Amino acid sequence: MAKKETSTDQLITKIIGGIEEVKGQNIDILDLRDIENTVCDYFIICNGTSNTQVTAIVNSVQKLVSKELKEKPWHVEGMDNSEWVLMDYVNVVVHVFQKHIREFYDIESLWGDAKITTIATSY
């Protein structure tokens, strides 16, 4: 069990690092472990200012996680228009939105029982 926790924590750290590297905004971690019937343990949600930045965030996360942890997402969806890209790392699912799309879907309120940690960024 401890091994899984460590690797999940490392994965989250690298995902956040990849988002921060290209100045992704409004980074939230939703801890879903105490909620029944969830598909994963964590959501990481952030947004970019354009489809170009959303694509850059996704590429940065994939590159950093692959380089540091030798892991690739099981599935990536939404790259065709880069308004909402979902990256599935099995235990951790990353949602990268354009700001207006994030506000429209408001995932955080749909998962209102989740513990939310907001990551403070220095940019």
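Treat the numbers as computed from the prediction; the structure is a model and nothing was measured.
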Hey, what do you get for CD (Glu71) to CD (Gln10), rounding to the nearest 0.5 Å?
-> 9.0 Å
Using side chain to side chain contact (heavy atoms under 4.5 Å, CB included) as the criterion, point out the one residue from Ile27, Ile119, Thr121, Leu64 that pairs with Ile19.
-> Ile27
Side chain proximity check, Val93 to Tyr42, heavy atoms < 4.5 angstrom = no
When rounded to the nearest 0.5 angstrom, what is the spacing between CG in Asp9 and NZ in Lys14?
-> 12.0 Å
With a 4.5 Å heavy-atom cut-off, do Asp113 and Asp34 have their side chains touching?
-> no
Under 3.5 Å, sequence neighbours excluded: what are the donor-acceptor pairs made by side chains of residues 49-62?
unit_1 : atom_1 : unit_2 : atom_2 : d
Thr49  : OG1    : Gln53  : OE1    : 3.0
Ser50  : OG     : Thr52  : N      : 3.4
Ser50  : OG     : Gln53  : N      : 3.1
Gln53  : OE1    : Thr49  : N      : 2.6
Gln53  : NE2    : Val22  : O      : 3.0
Gln53  : NE2    : Lys23  : O      : 2.9
Thr55  : OG1    : Asn51  : O      : 2.9
Thr55  : OG1    : Ser82  : OG     : 2.8
Asn59  : ND2    : Thr55  : O      : 3.3
Ser60  : OG     : Gly18  : O      : 2.6

Could you tell me whether the side chain of Leu32 reaches within less than 4.5 Å of the side chain of Cys40, counting heavy atoms only?
-> yes
At what distance, to the nearest 0.5 angstrom, does CD1 of Ile35 lie from CZ of Arg33?
-> 11.0 Å
Identify which one of Ile12, Leu11, Thr13 satisfies the side chain to side chain contact (heavy atoms under 4.5 Å, CB included) criterion when paired with Ile15.
-> Leu11
Just how far is it from atom CD of Glu103 to atom CD of Gln98, taken to the nearest 0.5 Å?
-> 11.5 Å
Could you give me the CA-CA distance, side-chain angles and deciding distance for Tyr105 and His95, then say whether side chain to side chain contact (heavy atoms under 4.5 Å, CB included) is met?
-> CA-CA 11 Å; Tyr105 285 102; His95 299 270; over 6 Å; no
For Phe97, what residues pass the ring-ring contact (aromatic ring centres under 6.0 Å, His included) criterion, not counting sequence neighbours?
-> Trp84
Please check if Ile107 and Ile101 belong to a single hydrophobic cluster, counting links between Ile, Leu, Val, Met, Phe, Trp and Tyr side chain heavy atoms closer than 4.5 Å.
-> yes
Are Leu86 and Val39 joined in one hydrophobic group, where the rule is that I, L, V, M, F, W and Y side chains link up if heavy atoms are under 4.5 Å apart?
-> no
Hphob cluster co-occupancy, Ile16 + Val76, side-chain heavy atoms under 4.5 angstrom | yes
Aromatic ring proximity, centroids under 6.0 angstrom, Phe43 and Trp111 = yes
For Glu108, which residues count as a side-chain contact (heavy atoms from CB on, under 4.5 Å) partner, sequence neighbours excluded?
-> Asp28, Leu30, Ile45, Arg102, Asp106, Ile116
For the residue pair Val92 and Asp41, establish whether any side-chain heavy-atom pair is separated by less than 4.5 Å.
-> no
